[in-house]
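Let me begin by presenting the structure, written as structure tokens, before commenting on it.
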There are 2 protein chains.
Amino acid sequence: MEFITKNTGKNPKPMMVLPGVYLIGAGPGASDLITVRGARILALADIVFYDALIDLSMLEWCDGTKLVPVGKRCGAHSSSQHFINKQLVDAANKYPVVVRLKGGDPLIFGRAQEEIDALEQASIHFEVVPGITTALAASAQLKQPPTSRDLSRTLTLTTLPGRCTHADHQTFIYYMARDQLSDIAQTLIDQAFALDTPVCLMESVSLPTQRSFGCTLDELRMGDVQHYFLDKQPVVVMVGEVYRRNFQSLTPLIEPQMNFNVLQAAS
Amino acid sequence: MEFITKNTGKNPKPMMVLPGVYLIGAGPGASDLITVRGARILALADIVFYDALIDLSMLEWCDGTKLVPVGKRCGAHSSSQHFINKQLVDAANKYPVVVRLKGGDPLIFGRAQEEIDALEQASIHFEVVPGITTALAASAQLKQPPTSRDLSRTLTLTTLPGRCTHADHQTFIYYMARDQLSDIAQTLIDQAFALDTPVCLMESVSLPTQRSFGCTLDELRMGDVQHYFLDKQPVVVMVGEVYRRNFQSLTPLIEPQMNFNVLQAAS
């Protein structure tokens, strides 16, 4: 297998990559939160299959590359995932450097296993380039470590309400949670989390449209708040005592509803 | 507050940053696994305080910058942490752009809270630039998602053995765990994890010296294996059913002991 070397205008330093498929994490959204390695491989790529969730500014790293949008926002259906797998294998047989650009980290809740299985079955060389996962990007935006020596030394990342029982003052960060906010709150309360446990919700992390809100676990349970968030934008939900220190700086989640009621009453 | 603009030779695109302190995640080790934003700010920095854990190739992003090593490998003592906090505040009063470069992600098990508190108390503007945390870099090297739809939809990151009870087929990734391998295994077994649950241990993730090993939870409990790992190198420990598919490709952790015994017998 021979290395492929290119010297592109955008990346003055030449780089060598092996032919194959690169599963690259784009990070949370902002184009400069991809890794240097990821940006360099994008500039070398012959074809890039990118999640519809990716902010388009990210594609400026590409240099005369064939760009193919794939998947759906907030999770692809099985049928389309099967088609993506086939597209990757077909492209690898046609182009030297194929990129599959996925939001966040490619291996965190991104259905990468199915793409990896397809590539392995077709004996195609592939590499994984990690990306900043949304939970950590949201923590950076909030300037709040999800763990601390005194409050929580455990961070749980999940897509499910309540599969982990409360054994310490832990921090939970939920992905793809917009449609199960009330379930998440109820399950944690059932597991003896305090009603006033702080919750921070962040939408479109790291993009100019980023919004963040705070509420208590009890408010989240009662809130019926999923309609506050923009359609098709991912929302990350952070729960734990560590967020109490940020609580005053967050926009209260419940206030928009009051304003809405005031507007309704006035109309 | 005025933006600072520089046009450096290494980063042809000029960038504007606000004066202040930047807590930047260096990622797991390889210099191109830092984010583009992190590399650009390093090139603009007037002074960089870097963890001793950082691979020195990372500092090539700096451009005529004053470089100050701080802390100790594998966790700083309180006294030195207090001194780092003071150095950051003092530097921010003297230099426009100060960087605190931390291994992995700055907010994951990195004692960032103490530095954040010191900067807030001194009313110094600061930003956090996320980094690739070691657990995700190790997953990328292994080409194995830590979660999968059928086996585990929850990933727990921790520094402690056994604070989270087993509620599903979950994946656990332990940081700074080299000295408590047996405890971790015993605690998970006590929580009804199967004796043959696969474990993957990875040292010096993403660096040329990277090594990875596989064993079962039962072998980890009995192994007395911490001396297999190099002094001062971080080891990440990944436990869960998702790793069974990689098991055959990993170097068995117990084999070195057998070889060692053979060598002893021969001497």
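Chain naming here is simple, since letters A, B, ... match the order of the sequence lines and numbering starts at 1 in each.
Evaluated for a side chain to side chain contact (heavy atoms under 4.5 Å, CB included) with A:Lys143, the options B:Leu23, B:Leu119, B:Val128 yield exactly one hit, B:Val128. Among the candidates B:Thr133, B:Thr156, B:Ile108, the single residue satisfying the side chain to side chain contact (heavy atoms under 4.5 Å, CB included) test with A:Leu155 is B:Ile108.
Using a 4.5 Å cut-off between heavy atoms, A:Glu120 touches chain B through its side chain atoms alone. For A:Ile116, the part lying near chain B is the side chain, with the backbone staying farther off; criterion is any non-hydrogen pair under 4.5 Å. Proximity to chain B (any heavy atom under 4.5 Å) is shown, for A:Ser148, by neither the backbone nor the side chain. Proximity to chain B (any heavy atom under 4.5 Å) is shown, for A:Tyr175, by neither the backbone nor the side chain.
One finds the OG1 atom of A:Thr154 at 8.5 Å from the OH atom of B:Tyr174 (value rounded to the nearest 0.5 Å). Rounding to the nearest 0.5 Å gives a distance of 8.0 Å between CZ of B:Arg149 and OG1 of A:Thr159. Atoms CD and CG, from A:Gln144 and B:Leu107 in turn, are 8.0 Å apart once rounded to the nearest 0.5 Å. Distance check, rounded to the nearest 0.5 Å: CG of A:Leu136 to CG of B:Asp105 gives 4.5 Å.
Per-residue counts of heavy-atom pairs under 4.5 Å with chain A were compared for B:Gly25, B:Pro146, B:Ser206; the largest is that of B:Pro146.
You'll find the side chain of A:Ile132 reaches within 4.5 Å of the side chain of B:Ile132, heavy atoms only. Between B:Asp117 and A:Arg245, some side-chain heavy-atom pair lies under the 4.5 Å cut-off.
When every heavy atom of B:Ala112 is checked against every heavy atom of A:Pro145, the shortest pair comes out as CB-CG, 4.3 Å. The shortest non-hydrogen separation linking A:Arg153 to B:Thr158 is O-OG1, 3.0 Å.
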